[in-house]
Amino acid sequence: MLQVSYIRENSEDIVKRMTVRNIDAQPIIDAVLTFDEQRRKLQTTLDATKAEMNTLSKEIGNLFKSGQAEKANELKNKTSELKETIKTVEQQLNEKADALNELLYKIPNVPNLLVPTGNSDEDNLETLRDGKMPQLHDSALPHWELAKKYNIIDFELGNKITGAGFPVYKGKGARLQRALIAYFLDKNTEAGYTEYQLPHLVNEASGFGTGQLPDKEGQMYHVMEDNLYLIPTAEVPGTNIFRDVILSENELPIGITGYTPCFRREAGSYGAHVRGLNRLHQFDKVEIIRVEHPSKSYEALDSMVAHVQDILKELELPYRILRLCGGDLTFASALTYDFEVFSAAQERWLEVSSVSNFESFQSNRLKLRFKNSDGKNELAHTLNGSSLALPRILASILENYQTEDGIKVPEVLIPYTGFDKIS
RNA sequence: GGAGAAAUGGCAGAGUGGUCGAAUGCACCAGUCUUGAAAACUGGCGAGGGUCACACCUCCGGGGGUUCGAAUCCCUCUUUCUCCGCCA
């Protein structure tokens with residue numbers, strides 16, 4: 001969420017830039033400013049009343065000590081009125097503060113100046129396209145057919161055990177999954193990210209920290225009994241490492257990577273485009289997360305993009321990079337690059353990574369700060385990206401690498417799989 | 001799951017109703033000394049709100065209560081430790 005002080009000082013600019021998201025932010029910004037002013041006014045009143053109360057209490061103490069009980073009791077009577085005031089003002093203050101917070105939760109991040117205007121994914125700006133388009137043979141199949149043909153992914157079995165969207169990987173399919181995870185983690189650690197193994201369930205505070213709560217609880221699986229949520233991405237436990245943390249400046253930058261399964265309810269998704277591996281309730285992903293000095297975060301974003309790009313190149317998959325337009329930009333992001341891989345047999349682009357700079361939007365909620373060179377606490381910037389999400393990478397490998405007598409394994413994965421062909 | 005103990009600043013650890021945002025030690029920062037460092041000495045050293053800056057207000061695991069006044073008393077929740085049970 002945005003800082004109130006930032007809104008106070010930049011309201012005009014914010015409203016202007018929000019138009020990129022197709023949002024007229026004027027009314028909500030005005031409301032924030034009004035509530036904020038009222039809140040501060042009440043705070044001042046409350047503080048003054050409390051100060052009076054404190055002085056009075058001290059006096060009473062001193063009077064009792066010096067044996068002037070009568071005088072003390074006289075003063076005591078005066079406190080009841082102050083107490084009443086404190087109580088009512090406090091209540092009003094809480095109401096205003098709550099109202100203010102509720103508004104702040106609803107305001108998305110301010111888009112970076114690079115973000116193009118637009119309504120939907122059709123308006124995203126393609127910044128790069130690279131890799132060779134495969135020439136498939138005539139009897140080429142989409143991955144869900146290949147999965148069946150070579151007996152490597154069993155969607156029906158997943159249906160039986162759990163339900164739709166929980167596929168079972170078998171034999172070389174399972175091995176390929178494991179190989180991809182290991183390969184991604186290796187690439188990420190080579191690039192300087194520290195590997196973490198993170199919990200797959202998180203508590204409510206963590207959900208709030210990264211913004212899944214209070215609004216998007218419908219997207220997560222909720223374990224009612226213990227009030228825990230299954231993570232929709234490693235971003236949630238990974239970023240919450242830094243909740244309520246004050247770093248020293250020389251600890252920056254921080255880069256971590258982790259593999260986790262991801263659980264998403266995907267309520268409302270349906271149809272042919274969710275076929276096979278394209279959209280699942282449980283899938284695997286390797287994530288990269290960075291905590292950066294505000295002056296360095298865009299540099300970091302570029303290096304993350306370059307890193308993901310490098311992996312896709314090594315896998316020799318045709319890909320493109322999109323700079324998301326305002327309409328497609330996620331709530332917390334200031335600038336996002338999506339990576340899409342071409343899935344030859346489906347003849348469509350599949351999103352395999354999304355790399356974002358959240359600036360201080362997340363860290364404000366998380367209270368993730370660092371002590372800057374002036375000795376003051378300043379919000380750090382957070383970034384994250386997939387490096388990479390497995391299912392669609394797997395889908396495109398299966399489809400793009402298929403030949404008439406089997407599916408070849410990308411060169412870089414062979415050391416991890418131990419085989420070079422699925423047949 | 002049962003029984004008991006505990007939760008205080010970066011860490012350790014005092015503090016059981018007022019003068020406590022909190023002793024002391026360590027760590028850290030700055031200065032003196034030194035060619036430099038160490039040691040010694042001097043000073044500083046939690047966070048949020050508020051202010052031009054002060055003042056002032058809030059925070060001693062979270063929430064609630066008693067009281068003129070709570071780190072200190074009461075209730076409740078959470079977490080940690082010890083013992084028992086269960087267990088990959």
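Atoms considered below: every heavy atom in the structure, side chains included; atoms not considered: hydrogens, waters and symmetry mates. Chain naming here is simple, since letters A, B, ... match the order of the sequence lines and numbering starts at 1 in each.
Residue A:Lys41 is classed as having no contact, given no heavy-atom separation below 4.0 Å to the nucleic acid. Nucleic acid contact class of A:Ile60 (heavy atoms, under 4.0 Å, all strands): base. Residue A:Ser57 is classed as a base contact, given a heavy-atom separation below 4.0 Å to a base. Contacts of A:Asn54 with the nucleic acid, taken as non-hydrogen atoms under 4.0 Å apart, involve only primed sugar atoms and P, OP1 or OP2. Looking at heavy-atom distances under 4.0 Å, A:Lys76 makes contact with a base. Heavy atoms of A:Asn377 sit under 4.0 angstrom from primed sugar atoms or phosphate atoms, though from no base atom.
Checking B:A40 for Watson-Crick or G-U wobble geometry (two distances, each under 3.5 Å) identifies B:U32 as its partner. The partner of B:G69, taking Watson-Crick or G-U wobble pairs whose two distances both stay under 3.5 Å, does not exist in any strand shown. If you check B:U51 for Watson-Crick or wobble pairing at under 3.5 angstrom, you find it has no partner at all. Using Watson-Crick or G-U wobble geometry with both donor-acceptor distances under 3.5 Å, B:G46 finds its partner in B:C59.
In this structure, A:Thr79 and A:Leu75 have side chains that are not in contact, with every pair of non-hydrogen atoms separated by 4.5 Å or more.
When the side-chain nitrogen and oxygen atoms of A:Asn62 are compared with OP1 and OP2 of B:G18, none of them lie within a distance under 4.0 Å. Put simply, A:Arg369 has no side-chain N or O that comes within less than 4.0 Å of OP1 or OP2 on B:A47. Contact annotation: A:Lys83 reaches the phosphate of B:G69 (side-chain N/O to OP1 or OP2, under 4.0 Å). For the OP1/OP2 pair of B:G49 and a distance below 4.0 Å, the side-chain nitrogens and oxygens of A:Lys96 include no atom meeting the criterion.
The same atom, C1', is picked in B:A71 and in B:A23; the two are 14 Å apart, to the nearest Å. B:C57 and B:A6 have their C1' atoms separated by 31 Å, given to the nearest Å. Comparing the C1' positions of B:G18 and B:A55 gives an interatomic distance of 22 Å, to the nearest angstrom.
Atom CG in A:Leu100 sits roughly 13 Å away from atom P in B:G49 (whole-Å rounding). Between the CG atom of A:Asn73 and the P atom of B:U67 there is a distance of 14 Å, given to the nearest Å. Taking atom CZ of A:Arg39 as the reference point, atom C1' of B:G49 lies 7 Å away to the nearest angstrom.
A salt bridge links A:Lys50 with A:Glu90: at least one charged nitrogen is closer than 4.0 Å to a carboxylate oxygen.
Taking the six-membered ring for Trp and thresholds of 30 and 60 degrees, A:Phe208 and A:Tyr105 have ring planes inclined between 30 and 60 degrees apart. Between A:His293 and A:Phe370, the ring planes lie tilted relative to each other; the angle falls in the 30° to 60° range.
Taking CD1 of A:Ile246 as the reference point, atom CZ of A:Arg369 lies at 4.0 Å (rounded to 0.5 Å).
Checked against B:G50, B:G46, B:G49, the side chain of A:Arg8 finds its nearest nucleotide in B:G50. With distances taken from any side-chain atom of A:Arg40 to the nucleotides B:U58, B:C68, B:G50, the minimum falls on B:G50.
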